[in-house]
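To start, the structure under review is shown below, and the notes come after it.
Reminder, nothing fancy here: chain letters follow the sequence lines and each chain counts from 1.
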Amino acid sequence: MNAITAESILEELDHQYPCNQDEMNFLKFRNPFELLIMTILSAQTTDVTINGLRDELFSAYPNPAALARADPLDVERIIHSAGFYHSKAKNIIGTAKMLEENFGGVVPRTIEELTTLPGVGRKTANIVTNHAFHEACGIAVDTHVRRLSKKIGFTQNTDPEKIEKDLMKLFPEKWWSKINYLLIRHGRAVCTAKKPDCMKCIIRHNCQSYINSGEE
DNA sequence: ATCCCGAGGG
DNA sequence: CCCTCTGGAT
């Protein structure tokens, strides 16, 4: 697929899925520390759930130093509704401690540094660089991005890191921080893993999978 | 019942 | 590659 076609697909999705209030709230973090912690907590859960606990969490622990000395049981109680609360509490406290000890209390700016933090994988690290620093170091590849990228024809690879490289070559930087959001939305609303609703899909005429199914 | 807007570990 | 960790949405 050529770059012009690929970019026009994202433009259509961008028109179809404007940010709703909950997501705007999520991205309207007050500082990189909050975005980092919120992104760790967001794994396998919804933004709506996460947004409900942000005020209590950050009024109790406004900075890495405070979170580093938090009682794990207190943190678990606050973040309970996010799911995986035991490991997530351990991870965000561990991250706060590491920020204090290794990074002078400041959230690092590179993928390599960020992924050394507990609970921070490549996807989370990319979300942070994209939205906290607007440096667009890379593209956050989660299961939806992975599935749809191959299906639509943005890439032929299945390995997340290879997919990321392919997408970075295919799209200009201005899309890097948005691809994740757009493909997730489309992946949940229309192009689901189980039953993709191609007749509702506004980009089907450019979708490799749809074209190959022989319906046009 | 089943599936996840992941990461870590075996 | 496989498993586990959780609550919530559907």
Side-chain angles (χ1 to χ4, degrees), chain A residues 10 13-14 16-29 34-54 56-57 72-99 108 111-132 137-152 157-164 167 175-197 200:
Chain A
L10 292 191
L13 291 178
D14 193 33
Q16 182 81 358
Y17 305 107
C19 284
N20 66 35
Q21 199 53 49
D22 287 321
E23 267 125 6
M24 293 307 287
N25 285 340
F26 180 75
L27 295 178
K28 212 172 68 186
F29 57 96
E34 288 195 11
L35 179 67
L36 171 61
I37 299 304
M38 292 293 283
T39 309
I40 293 174
L41 294 180
S42 76
Q44 295 294 86
T45 196
T46 65
D47 290 346
V48 184
T49 305
I50 294 299
N51 281 328
L53 53 81
R54 71 180 303 150
E56 187 178 1
L57 183 65
L73 292 179
D74 291 335
V75 175
E76 287 189 19
R77 179 187 57 76
I78 296 174
I79 70 172
H80 189 273
S81 62
F84 300 101
Y85 59 86
H86 188 64
S87 56
K88 282 179 181 176
K90 195 170 57 170
N91 284 153
I92 64 175
I93 293 172
T95 285
K97 283 181 177 167
M98 204 175 286
L99 287 178
I111 303 296
E112 290 68 31
E113 290 171 311
L114 284 164
T115 49
T116 65
L117 301 168
V120 181
R122 204 175 175 80
K123 186 259 177 181
T124 302
N126 269 135
I127 295 286
V128 172
T129 62
N130 278 226
H131 295 292
C137 292
I139 294 171
V141 177
D142 56 36
T143 53
H144 286 282
V145 175
R146 195 172 163 183
R147 180 165 45 84
L148 293 209
S149 292
K150 182 153 189 208
K151 200 165 180 181
I152 296 169
N157 290 118
T158 49
D159 172 54
E161 288 202 36
K162 288 180 182 168
I163 291 176
E164 189 184 344
L167 294 177
W175 289 106
W176 292 6
S177 63
K178 232 174 179 182
I179 297 176
N180 183 261
Y181 168 82
L182 294 176
L183 293 189
I184 284 174
R185 278 290 154 241
H186 196 243
R188 304 216 76 168
V190 177
C191 193
T192 60
K194 279 198 64 172
K195 192 175 92 63
D197 193 352
K200 260 190 203 162

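Distance, A:E76 CD to C:dC5 P: 14 Å, rounded to whole Å. Whole-Å rounding puts the A:R188 CZ to C:dT10 C1' distance at 10 Å. The CG-P distance, from A:N126 to B:dA7, rounds to 10 Å in whole Å. Atom C1' of nucleotide B:dC3 and atom CG of A:D142 are separated by 15 Å, given to the nearest angstrom. Remark: P of B:dA7 and CD of A:E161 are 12 Å apart, rounded to the nearest angstrom. Atom NZ of A:K88 and atom C1' of C:dG8 are 11 Å apart (whole Å). Atom-to-atom, CZ of A:R147 to P of B:dC3 comes out at 13 Å; the value is rounded to the nearest Å. Rounded to whole Å, atom P of B:dG9 lies 15 Å from atom CZ of A:F84.
Between A:N180 and A:D142, the shortest heavy-atom contact is ND2-OD2, 2.8 Å.
Here A:T46 lies out of heavy-atom contact (under 4.0 Å) with every strand. The residue A:L117 sits close only to the backbone: its heavy atoms come under 4.0 Å of sugar-phosphate atoms, none of a base. A:A193 comes within contact range of the sugar-phosphate backbone alone, with a heavy-atom separation under 4.0 Å but no base atom that close.
Distances from the side chain of A:T49 to the nucleotides B:dA7, C:dC5, C:dG8 place C:dG8 closest. Proximity note for A:H80 (side chain, C-beta onward) versus C:dG7, B:dA7, C:dT6: the nearest is C:dG7. Here the side chain of A:T124 is nearest to one of C:dG7, B:dA7, C:dC5, namely B:dA7. Proximity note for A:K123 (side chain, C-beta onward) versus C:dT6, B:dA7, B:dC3: the nearest is B:dA7. Between B:dC3, C:dT6, C:dG8, one nucleotide has an atom nearer to the side chain of A:K194 than all others, and that is B:dC3. Taking the side chain of A:H86 as heavy atoms from C-beta on, and the options C:dG7, C:dT6, B:dA7, the nearest nucleotide is C:dT6.
Here the side chain of A:Y85 pairs no donor or acceptor atom with the backbone of A:V75 at under 3.5 angstrom. No side-chain donor-acceptor contact under 3.5 Å links A:K178 to the backbone of A:D14.
Mapping A:T45 and A:V120 onto DNA chain B via the closest heavy atom, the residue that lands nearer the 5' end is A:T45.
Once rounded to the nearest 0.5 Å, the distance linking NE2 of A:H86 with CD1 of A:I79 reads 10.5 Å.
Partners of A:T46 according to the side chain to side chain donor-acceptor pair (under 3.5 Å) rule, which considers only residues two or more places apart in sequence or in another chain, are A:T49.
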